[in-house]
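Single-structure report; data block below.
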Amino acid sequence: MAEQSAGPSPFAADPGARWARLIAVPEARWAGIAVALFLAGLVAQFSGGPSWLWWALYLACYLAGGWEPGLAGLRALREKTLDVDLLMVVAALGAAAIGQVLDGALLIVIFATSGALEALATARTEDSVRGLLDLAPDTTTRLDPDGGERTVALVDLEVGDVVLARPGERIPADGKVISGASEVNQAAITGEPLPADKTAGDAVLAGTLNGTGALRIRVARRAGESVVARIAGLVEQASRTKARTQLFIEKVEQHYSLGMVIATLAIFALPLLWGTGVRESLLRAMTFMIVASPCAVVLATMPPLLAVIANAGRHGVLVKSAVALERLGSTTRVAFDKTGTLTRGVPELTGLHVLPAAGTSADALLRVAAAAEYPSEHPLASAMRAAARARGLELPTAENFQAHPGRGISARVEGRLVEIGAPHALLPEGSPTARAAVDAVRQRGDTAVIMLCDRHPVAVLAITDPIRPEATPTIAALTRLTGVAPVLLTGDNHTTASHIARQAGITDIRAGLLPEDKVSAVRELETGQHRVTVVGDGINDAPALAAAHTGIAMGRAGSDLTLHTADAIIIRDDLTTIPTLITLARRARRVVTANLVIAAAFITGLVLWDLFGTLPLPLGVAGHEGSTILVGLNGLRLLRDTAWRRASNPA
């Protein structure tokens, strides 16, 4: 789990701001104009409007949505490559030339919308990477050798400088504590759910959040070499080196485009050499271009994928593109982060072990502990207060509350001195029973907290980050789906990771990982011919999501960078949607394959008829449009709720 980064969440942002960001992308503006003109043309045409009006609207749609791919295609021609976008523009113009202006406008809208979605996703990811370094402050307090303080820019820090991190500030640089004590929230970097106690000699990381104590830190790395900076670099590197995945049809676009252009020119030119009239040759060539144009092929591919994307959106999953969905369908192994992904990311009190010296009940001790912790903002305090509320306990008033950074808290409750905190700091020597209880709690993977009353140990509290109830069935479903159990990648310690993994049914555990270690683990898995989907929520997961074949982010607690880097987002944090989505993505691929066979059969039949017979243009258009409608309707079957239900309960 990671705390939110500085930038606004895409789900919490003001709607006006989201529209402003959308309009700022040129491809999105032109695609929106093209769609509006196309819809206006449809209304004008089918409401009986004058032909000049809907022709004008469709041609304006051509211009708005087609000028950019057309220009890009011409530039590609200059570099001696043929772009399928240019072919689409030419086919659209050819359709208009023989009166089928609606068909051409539909092609233009499909390609313009697809390009806009890709450009928008790219822009948002780049913005998130630029905003990542906002985790670290711009300035910090540097301590001079003579004891003076000076505010300096973070980039001016040198290795060996001593800086001061005051309570509530972010740690300015990677380094080592030389004096002071505090608890530091490292969730953004390591994924640990609870703040870590830091005292002299302990290492700290830039961008982590200091707690209630002041720390003097000796800088170990310059700003550009910190862990936060390396995370940003890893995301950018993974985005650059990860090959751009294309839809299946795009993989053959060069050969198809070139072949269609050559064939069209040949069908027009060769009959002229044999004495055929120009009009007849042009009509045959235009008929060939229409029946051979890949309209049905495009609709064979896009509707099934877009239908699944829309269906998933209704069930709380945002898939960013058709390419991302196609990659999800080829997943062969899944890797999970722990904190905030398999677990809730919110600590809970799971046990209170009463020691023999207490002489009272567990509820009585919990009542006192929650009262003592009431003024504290620490996550452990929240867990105790929540447990007391759940049991309906009335809390007395605490007096003389004090927070002791790196140790715990103390307060007077009903006349008794109550101390709660870390066992290593509070547990007195010669307490074998208490130490045994602490060890037992830790062996189960929980965090142990000691409670003292008037300096005597009275209880050991067990705090844990509970596993999500749907995690275990999700792991089982993914194991059946992929044929191999998922893997756990976490920055937390091995004991805690093993405890959660056992509950979830995971045996492959990689613990204590920094962000670059997670990237290495993903690449190691993919060298074994696996196509890995990584599921995570924190900033420390973003590089792994970028490097993986596919990345899925948890939407509610996910950091901005993770949400923008991921290919899909589980908006409601329901893990059971992951196997359902992968199953539905696989079904979409099968529908795409069937559609391509249907489209190819129609195209081949119509082309052969045109080449070796006399295919009437109206019949050619009817056959072409019929195949387009057929594959489109076949793909839209995946839009129904029944498709999602069947995928969530496969036979």
Side-chain angles (χ1 to χ4, degrees), residues 167-168 181-185 193-197 199 209-214 344-442 444 446-466:
S182 185
E183 65 281 353
V184 176
N185 187 334
L194 297 175
D197 292 333
T199 57
L209 186 63
N210 189 24
T212 56
R344 295 182 183 277
V346 179
E348 289 184 5
L349 179 69
T350 56
L352 193 154
H353 303 272
V354 180
L355 298 176
T360 188
S361 67
D363 277 0
L365 289 174
L366 176 58
R367 173 176 170 271
V368 171
E373 289 278 11
Y374 191 83
S376 174
E377 77 282 6
H378 197 285
L380 295 181
S382 300
M384 294 180 201
R385 293 193 298 266
R389 284 195 301 270
R391 300 188 189 188
L393 303 178
E394 290 189 13
L395 305 185
T397 302
E399 299 175 342
N400 301 329
F401 172 84
Q402 288 185 320
H404 307 283
R407 291 175 53 86
I409 63 96
S410 65
R412 285 204 169 269
V413 181
E414 297 179 333
R416 305 179 68 184
L417 175 63
V418 179
E419 298 172 277
I420 303 173
H424 72 271
L426 295 182
L427 195 58
E429 295 292 336
S431 305
T433 304
R435 291 192 181 278
V438 168
D439 291 340
V441 168
R442 288 173 172 170
R444 289 195 299 272
D446 295 341
T447 297
V449 178
I450 191 74
M451 177 180 177
L452 280 64
C453 282
D454 295 329
R455 309 292 185 185
H456 297 293
V458 293
V460 175
L461 297 90
I463 307 290
T464 191
D465 181 11

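Nothing here was measured: the structure is a model prediction, and the numbers come from that model. Basis for what follows: all heavy atoms, side chains included, without hydrogens, waters or symmetry-related copies. Nothing fancy with the numbering, it's 1 onward along the sequence.
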side-chain contact (heavy atoms from CB on, under 4.5 Å) between Val458 and Leu355, worked out:
CA-CA 5 Å; Val458 293; Leu355 298 176; 5.6 Å; no
Set of salt bridge (charged side-chain N to carboxylate O under 4.0 Å, His left out) partners for Glu419, sequence neighbours left out
Arg455
Note, Asp197 side chain near His424 side chain (heavy atom, < 4.5 Å):
yes
Sub-4.5 Å side-chain heavy-atom contact between Pro428 and Pro457
yes
Rounding to 0.5 Å, atoms CG (Asp465) and OG1 (Thr350) come to a distance of 10.5 Å
Quick one: CZ on Arg435 to CD1 on Ile450, what's the gap to the nearest 0.5 Å?
9.0 Å
Is there a donor-acceptor pair closer than 3.5 Å between any side-chain N or O of Asn400 and the backbone N or O of Ala411?
no
Working to the nearest 0.5 angstrom, can you tell me the gap between Ile420 CD1 and Met384 CE?
5.0 Å
Rounded to the nearest 0.5 angstrom, the CG-CG distance for Leu365 and Leu393 is 11.0 Å
Value for CD (Glu373) from CD1 (Ile409), rounded to nearest 0.5 Å, stands at 4.0 Å
Looking at side-chain heavy atoms only, is the closest gap between Thr360 and Val368 below 4.5 Å?
no
Would you say the side chain of Cys453 lies within less than 4.5 Å of the side chain of Val418, judging by non-hydrogen atoms?
yes
Counting C-beta onward and ignoring hydrogens, is there a side-chain heavy-atom pair between Arg367 and Glu414 closer than 4.5 Å?
yes
Is it the case that the side chain of Arg385 and the backbone of Tyr374 share a donor-acceptor pair, with hydrogens and angles ignored and the cut-off at 3.5 Å?
yes
Exam field: side chain Asn210 to backbone Gly213, donor-acceptor pair closer than 3.5 Å:
yes
One should read off an interatomic distance between Leu461 CG and Thr447 OG1, to the nearest 0.5 angstrom, of 11.5 Å
Please name the pair of heavy atoms, one in Val354 and one in Ser361, separated by the smallest distance, quoted to 0.1 Å.
CG2-C, 4.3 Å
